[in-house]
Amino acid sequence: GENVEQHPSTLSVQEGDSAVIKCTYSDSASNYFPWYKQELGKRPQLIIDIRSNVGEKKDQRIAVTLNKTAKHFSLHITETQPEDSAVYFCAAKKGNKLVFGAGTILRVKS
Amino acid sequence: SAVISQKPSRDICQRGTSLTIQCQVDSQVTMMFWYRQQPGQSLTLIATANQGSEATYESGFVIDKFPISRPNLTFSTLTVSNMSPEDSSIYLCSVEDLQGWGDTQYFGPGTRLTVL
């Protein structure tokens, strides 16, 4: 089955700096890759996603890139703000099934 | 997307008892799923709730422990049976509407379960 690895497990950045979180997946049949942000005590919220026929997608300060050949995808957050502090999960979807990475705790220091 | 609610939002239960969690969506959706999130961990899929038929369970999860119902396209329940402290987790439902917004899954607010 699908396996998703996510790095780093924790990431501390200074406010205004960029943050990058990377994920790799194992099953080349996976075709949809969402990123979720989960604040403490809250539900996971979708922040951006990308499909396998697209290499990059951007939404304001957030971007996702996908390299299908290497089977990895990355989340880029620019101009980080304290409210970006949360746990971020990547996921890969094959069929109806989403498989999640282990998560990255992002801390933005002001 | 959709408005998803879960009941209860949290509960503290004694070992050996069972708890049924409800998930309600404000519109008909194609797919409903149940996940478990253990403390400080990622999300693990328990099962896909199928309307009108038995749920499809992932490896490591069985129907006797986690019976699931889905009587219609807007509602599902997950029961955690014969609970032990190891069942203490957040349980989340998620929904997907292939005919609506496509691949994206949206999550309910979760049920925080503590087993003593």
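In what follows, chains carry the letters A, B, and so on, assigned in the order in which the sequence lines appear, proteins first and then strands, with residues in each chain numbered from 1.
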Pairs of heavy atoms under 4.5 Å with chain B: top-ranked of A:Leu46, A:Ile105, A:Val99, A:Asn31: A:Leu46

Atom group of B:Leu45 that falls short of 4.5 Å from chain A, counting heavy atoms: side chain

Per-residue contact mode, A:Pro34 against chain B (heavy atom under 4.5 angstrom): neither

ILVMFWY cluster, A:Phe33 and A:Ile62 together (side-chain gap under 4.5 Å): yes

Contact list for residues 8-22 of chain A, test side-chain hydrogen bond (donor to acceptor under 3.5 Å, both in side chains), sequence neighbours left out: none

For chain A, which residues of residues 46-60 of chain B have heavy atoms nearer than 4.5 angstrom: B:Glu58

B:Ile4 versus A:Arg43, closest heavy-atom pair with distance: O-NH1, 3.7 Å

B:Arg112 and B:Asp11: CA distance, side-chain angles, deciding distance, salt bridge (Lys or Arg N to Asp or Glu O under 4.0 Å) verdict: CA-CA 6 Å; B:Arg112 184 180 293 271; B:Asp11 208 342; over 6 Å; no

Considering only distance and modelled atom types, tabulate donor-acceptor pairs under 3.5 Å from the side chains of residues 33-40 of chain B, sequence neighbours left out.
unit_1	atom_1	unit_2	atom_2	d
B:Trp34	NE1	B:Ser76	OG	3.0
B:Tyr35	OH	B:Gln105	OE1	2.9
B:Gln37	OE1	A:Gln38	NE2	3.0
B:Gln37	NE2	A:Gln38	OE1	2.8
B:Gln37	NE2	B:Gln41	O	3.0

Euclidean distance, B:Asp87 CG relative to B:Leu113 CG, rounded to 0.5 Å: 7.0 Å

Side chain proximity check, B:Thr74 to B:Gln24, heavy atoms < 4.5 angstrom: yes

Close approach to chain B in residues 66-94 of chain A, criterion heavy atom under 4.5 Å: A:Phe89, A:Lys93

Candidate pair B:Met83 and B:Leu19, rule side chain to side chain contact (heavy atoms under 4.5 Å, CB included), full reasoning: CA-CA 8 Å; B:Met83 290 183 284; B:Leu19 177 72; 3.8 Å; yes

Side chains of B:Ser81 and B:Pro67 in contact at under 4.5 Å (non-hydrogen atoms): yes

Heavy-atom side-chain proximity of A:Asp49 to A:Tyr32 below 4.5 angstrom: yes

same_hphob_cluster(B:Leu92, B:Phe66) at 4.5 Å side-chain heavy-atom cutoff: no

